[in-house]
Engineer: 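Right, I'll just put the structure down here and ask away after.
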Amino acid sequence: MNEKNTGSPGESLDFIRTIIEEDNTSGKHDGRVHTRFPPEPNGYLHIGHAKSICLNFGIARQYNGLCNLRFDDTNPSREEIEYVDSIMEDVRWLGFDWEERLFYASDYFGQLYEYGVQLIKVGKAFVCDLSAEEIREYRGTLTEPGKESPFRDRSIEENLDLFEKMKAGEFEDGSKTLRAKIDMSSGNINMRDPVTYRIQRSTHHRTGDKWCIYPMYDFAHCCSDSLEGITHSICTLEFEDHRPLYDWYLEQLDIFRSRQIEFARLNLTYTIMSKRKLLQLVEEKHVTGWDDPLMPTISGLRRRGYTPESIRAFADIIGVAKRDSIVSIDLLNHGLREDLNKRAPRVMAVLRPLKVVIENYPENQAEEVEAIINPEDPSAGTRKLPFSREIYIENTDFMEDPPRKFFRLAPGREVRLKHAYFITCKSVVKDEKTGEVIELRCTYDPETGGGEAPDGRKVKGTLHWVSASHALDATVRLYEHLFIVENPADAEEGKDFMDYINPDALETLTGCKVEPGLAKTIPLDHFQFLRHGYFCTDSDSTEGSLIFNRTVGLRDSWAKMQKKKNN
RNA sequence: UGGGGCGUCGUCAAGUGGCAAGACACAGGACUUUGGCUCCUGCAUCGGAGGUUCGAAUCCUCCCGCCCCAGCCA
């Protein structure tokens, strides 16, 4: 990999790397660069997290630094071990390694408690008896200052005693909090004596029932960063308002000063990124699960056939900045095609079969033709394809009454069967009742073996095909965008993102015919189905029951032309 | 009405006072045993208005627009 993750080196620096290089030249941390990726284990990772992962691990790699994986598990009521496992799997799959630096905020609960005590001792925190509603009332509003809690001036001794009793479980859930003593009139609401510790009796996935008080994010996060010696703590824009508090805690505690830097989170066209909304899609069964190939989750993208390389390349190409934006999914798909074009074996797959009988080809004869596996990678070699009298071609490759510029098969037309022969359509067999074309009668030119005519004549079209008796049956799932509008999160009045779900996001094709070499494919194998697109063997696929997911289609200028004509 | 941010091509995004990178998309064209790939070509005066300057996307002023914040969530 290059300087960043995969992208081209020598480009201009983004604002975060600019800060890092400034710190490096000023000697702020003796050139040390240490980042972290801090997910809360309450859901599956999505492509937005991938941006953050690539940023944090990528920066560490680029500057010879380190990046920790740290689970931000300070709220046991919503966090689960299942998510911890999936997150680790996803980060690894993306190609990053936290080595021995796997941490949990819960590792620091003991230290964090001591920090709480320390805050009380310097007169910067107090135990407050206000209820949640009262705290809200006392907080004031966006435009009006808040009121100080009547418990704000308790003595240090009393606070110490009460905090210890909170920890010991002497008070009910929610009956008391530890609050930082800052400024109830601050324009920044985060600074209005924020809650630092709350009482919450729920079993933590790692510490069990050892604690009944848990630190709030703002307190736990900056302290965890500090404890780990994180130099640059990169997070998303909505935490910008929290930075003064982040700095305040570290200053009061007089511990290592990590620096929080905020960037704009990723938005992608035709999908959604919020964990809450993704969860809703799963729970309401609009998708089959977190790893549905329609989902923008890492596990969904993986199952769909996206490669870690393409995701990393995407992260590089979109850059990092502070402005809200919505990136075109085309950018992701472009990188994917670029990656797969170089690596995916080409394969014959007829999705909507139309039988072709080659009348002048001997019955009961078969031969093998040689086919290159990947023209972009000669080292991939060749394979043998069986050819015989009866084959299948793509239904859409034939038209009885073709429009101008249709280069494929039509009555009387000659086309090339890729790697095999030229064939000419002699007649059409139709279903007597429906009039539907059910079979083509063709002849082949035995002189055109390999797809080249010795007399030098040219054909405009080249079709993919599969020998009828040798082909394997397969199920193919064609995926489209999950939503029908670019930005479903930005719904018009009276609607929400659910109103924009694409009812045709998945089209399942059965009875597809694929070349016999696919018999042994295993989940996550990538292929290019010639002239169709890139496909990936689904995790439910077995040798007897092949299932492929369309990762992304090939660019299709013919389809584009048709579409333009119809508009 | 308070606080914090952001506004450069259709979409991302460089640029930090000297003649507006790049990518995707789009449009033409070449090549082609994938209507794929590849290769050429084209494609913005920088939210607005004033001002400073020989010169401004870059500095100043005012205005406009968008995003975030009132969880004992993260």
Side-chain angles (χ1 to χ4, degrees), chain A residues 7-8 11-14 38-40 42 72-75 77-79 128 130-132 135-137 139-146 173-179 185-192 194-200 213-214 216-218 220-221 235-244 262 264 269 275 316-335 337-338 341-342 346 371-372 375-376 405-408 416-420 422 450-452 458-464 486 528-533 553-561:
Chain A
S8 36
E11 287 166 6
S12 52
L13 297 175
D14 57 63
E40 181 187 13
N42 70 340
D72 224 331
D73 55 351
T74 56
N75 186 355
S77 66
R78 38 188 264 172
E79 293 152 8
C128 182
L130 255 26
S131 69
I135 287 183
R136 193 186 326 122
E137 285 160 21
R139 188 155 33 223
T141 68
L142 292 178
T143 53
E144 294 159 328
D173 283 13
S175 62
K176 283 183 169 48
T177 56
L178 180 72
R179 293 229 259 162
S185 65
S186 172
N188 182 344
I189 290 179
N190 294 302
M191 301 300 271
R192 319 240 261 230
V195 172
T196 302
Y197 261 96
R198 78 281 214 182
I199 305 174
Q200 185 185 114
I213 57 171
Y214 292 96
M216 297 291 290
Y217 164 85
D218 284 304
H221 202 90
C235 64
T236 44
L237 247 33
E238 67 270 27
F239 292 102
E240 228 156 6
D241 286 345
H242 295 241
R243 192 184 340 125
E262 313 84 10
T269 57
K275 272 192 207 173
D316 279 351
I317 204 75
I318 58 174
V320 188
K322 297 196 70 160
R323 92 179 66 127
D324 289 313
S325 60
I326 176 161
V327 178
S328 169
I329 185 84
D330 288 338
L331 238 38
L332 213 207
N333 288 154
H334 170 77
R337 289 194 183 102
E338 201 167 51
N341 179 48
K342 286 181 297 196
R346 271 54 170 176
I372 187 158
E376 304 295 320
K405 294 201 174 167
F406 181 82
F407 303 148
R408 283 106 98 143
R416 170 168 39 233
L417 293 178
K418 177 104 175 167
H419 303 310
F422 285 9
E452 206 85 58
K458 303 284 184 196
V459 286
K460 284 291 250 180
T462 300
L463 311 188
H464 58 98
E486 284 203 346
Q528 183 194 103
F529 283 8
L530 220 70
R531 302 207 298 137
H532 279 300
L554 250 25
R555 292 186 53 141
D556 188 348
S557 52
W558 168 247
K560 200 184 284 178
M561 229 163 91

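Chain A is the first sequence line, chain B the second, and so forth, proteins listed ahead of strands; every chain is numbered from 1.
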Engineer: For B/G17, which nucleotide is its Watson-Crick or G-U wobble mate, given both distances must be under 3.5 Å?
Structural biologist: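 Per the H-bond distance test, none.
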Engineer: Counting Watson-Crick and G-U wobble pairs only, both distances under 3.5 Å, name the nucleotide matched with B/C6, or none.
Structural biologist: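 When the pairing criteria are applied, B/G65 turns out to be the nucleotide that pairs with B/C6.
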Engineer: Report the residue (A/Ala420 or A/Pro38) whose heavy-atom-nearest nucleotide on RNA chain B is the more 5′ of the two.
Structural biologist: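 The answer here is A/Ala420.
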Engineer: Between A/Arg139 and B/C72, does any side-chain N or O lie under 4.0 Å from OP1 or OP2?
Structural biologist: yes
Engineer: Atom CD1 of A/Ile189 and atom P of B/G3: how far apart are they, to the nearest Å?
Structural biologist: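 After rounding, the gap between these two atoms is 12 Å.
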Engineer: Picking from B/G36, B/G35, B/C26, which would you name as closest to the side chain of A/Lys560?
Structural biologist: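 Ranking B/G36, B/G35, B/C26 by closest atom to the A/Lys560 side chain puts B/C26 first.
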Engineer: Answer with yes or no whether A/Arg555 presents, from its side chain, a donor or acceptor under 3.5 Å of a partner atom in the base of B/G35.
Structural biologist: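 Counting by modelled atom types and ignoring angles, no donor-acceptor contact under 3.5 Å is found here.
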Engineer: Syn versus anti for B/G71, judged by chi lying within 90° of 0?
Structural biologist: syn
Engineer: Counting side-chain heavy atoms from CB outward, which of B/A74, B/U34, B/C26 is closest to A/Lys418?
Structural biologist: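 Side chain of A/Lys418 sits closest to B/U34.
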Engineer: List the residues meeting salt bridge (charged side-chain N to carboxylate O under 4.0 Å, His left out) with A/Arg78, not counting sequence neighbours, and say none if there are none.
Structural biologist: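 For A/Arg78, the residues satisfying salt bridge (charged side-chain N to carboxylate O under 4.0 Å, His left out) (neighbours in sequence not counted) are A/Glu40.
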Engineer: Check the distance between B/C69's P and A/His242's NE2 and give it to me in whole angstrom.
Structural biologist: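 Distance check: A/His242 NE2 to B/C69 P gives 8 Å.
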Engineer: Can you tell me the base-pairing partner of B/C59? Count Watson-Crick or G-U wobble geometry only, both distances below 3.5 Å, and say none if there is no partner.
Structural biologist: B/G51
Engineer: Could you tell me the Watson-Crick or G-U partner of B/A25, where both distances fall under 3.5 Å? Say none if there is no partner.
Structural biologist: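 Answer to the pairing question: none, since B/A25 forms no Watson-Crick or G-U pair.
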Engineer: Rounded to whole Å, please give me the gap between CZ in A/Arg243 and P in B/G3.
Structural biologist: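 After rounding, the gap between these two atoms is 16 Å.
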Engineer: Looking at residues at least two apart in the chain, or sitting in another chain, which of them share a ring-ring contact (aromatic ring centres under 6.0 Å, His included) with A/His419?
Structural biologist: none
Engineer: Once hydrogens and angles are ignored, does a donor-acceptor distance under 3.5 Å link the base of B/U34 to the side chain of A/Gln528?
Structural biologist: yes
Engineer: Where the side chain of A/Arg531 is concerned, which of B/C72, B/C68, B/G35 is the nearest nucleotide?
Structural biologist: B/G35
Engineer: When you measure from the side chain of A/Arg136 to the backbone of A/Ser131, do you find a donor-acceptor pair of N or O atoms at a distance under 3.5 Å?
Structural biologist: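 Answer holds: no.
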Engineer: Please enumerate all residues that pass salt bridge (charged side-chain N to carboxylate O under 4.0 Å, His left out) together with A/Arg408, with sequence neighbours excluded.
Structural biologist: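 So A/Arg408 forms a salt bridge (charged side-chain N to carboxylate O under 4.0 Å, His left out) with A/Asp397.
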Engineer: Taking a pair as Watson-Crick or G-U wobble with both distances under 3.5 Å, which nucleotide is matched to B/C72?
Structural biologist: none
Engineer: Starting at the 5' end of RNA chain B and moving along, which residue's nearest nucleotide shows up first, A/Pro39 or A/Gly187?
Structural biologist: A/Gly187
Engineer: Given B/U34, B/G71, B/C69, identify the nucleotide with an atom nearest to the side chain of A/Asp241.
Structural biologist: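 Closest nucleotide among those given: B/C69.
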Engineer: Apply ring-ring contact (aromatic ring centres under 6.0 Å, His included) to A/His242 and list each qualifying residue two or more places apart in sequence or on a separate chain.
Structural biologist: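 Counting only residues at least two positions away or on another chain, A/His242 forms a ring-ring contact (aromatic ring centres under 6.0 Å, His included) with A/Phe239.
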Engineer: B/G2 C1' sits how many Å from A/Glu240 CD, rounded?
Structural biologist: 17 Å
Engineer: What does B/U34 pair with, Watson-Crick or G-U, if both distances are under 3.5 Å?
Structural biologist: none
Engineer: Kindly write out the residues that satisfy side-chain contact (heavy atoms from CB on, under 4.5 Å) with A/Glu144, not counting sequence neighbours, or none if the list is empty.
Structural biologist: A/Thr141
Engineer: Would you indicate, yes or no, if B/A74 has its OP1 or OP2 atom less than 4.0 angstrom from a side-chain nitrogen or oxygen of A/Thr74?
Structural biologist: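 Yes, within the criterion.
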Engineer: Applying the side chain to side chain contact (heavy atoms under 4.5 Å, CB included) test to A/Arg346, which of A/Lys418, A/Arg531, A/Glu376 qualifies?
Structural biologist: A/Glu376
Engineer: Can a side chain N or O of A/Ser557 be found less than 4.0 Å away from OP1 or OP2 on B/G36?
Structural biologist: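 The answer is yes; a side-chain N or O of A/Ser557 sits under 4.0 Å from OP1 or OP2.
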Engineer: Among the nucleotides B/C73, B/C72, B/A23, which one has an atom lying closest to any side-chain atom of A/Glu40?
Structural biologist: B/C73
Engineer: List the protein contact pattern of nucleotides 12-20 of chain B with one symbol per nucleotide (5' to 3'): B for base contact, S for sugar-phosphate-only contact, - for none; contact means a heavy-atom distance under 4.0 Å.
Structural biologist: SBSS-----
Engineer: Please assess A/Leu130 against A/Arg179 for the test side-chain contact (heavy atoms from CB on, under 4.5 Å), listing each intermediate value before the final yes or no.
Structural biologist: CA-CA 11 Å; A/Leu130 255 26; A/Arg179 293 229 259 162; 3.8 Å; yes
Engineer: Ignoring hydrogens and angles, tell me if any N or O in the side chain of A/Arg192 forms a donor-acceptor pair with the backbone of A/Ser186 under 3.5 Å.
Structural biologist: yes
Engineer: From the list B/G2, B/C24, B/A74, which nucleotide is the closest neighbour of the side chain of A/Arg198?
Structural biologist: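 The closest nucleotide is B/A74.
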Engineer: With a 3.5 Å cut-off and heavy atoms only, can you find an N or O donor on one side and an acceptor on the other between the side chain of A/Asn188 and the base of B/G4?
Structural biologist: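 Result: no qualifying N/O pair found.
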Engineer: Output the rounded distance in Å from CZ (A/Arg192) to P (B/G2).
Structural biologist: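 After rounding, the reported distance stands at 13 Å.
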Engineer: Ring stacking, A/Tyr217 with base of B/A74, under 5.5 Å and under 30°?
Structural biologist: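 Base of B/A74: not stacked against A/Tyr217.
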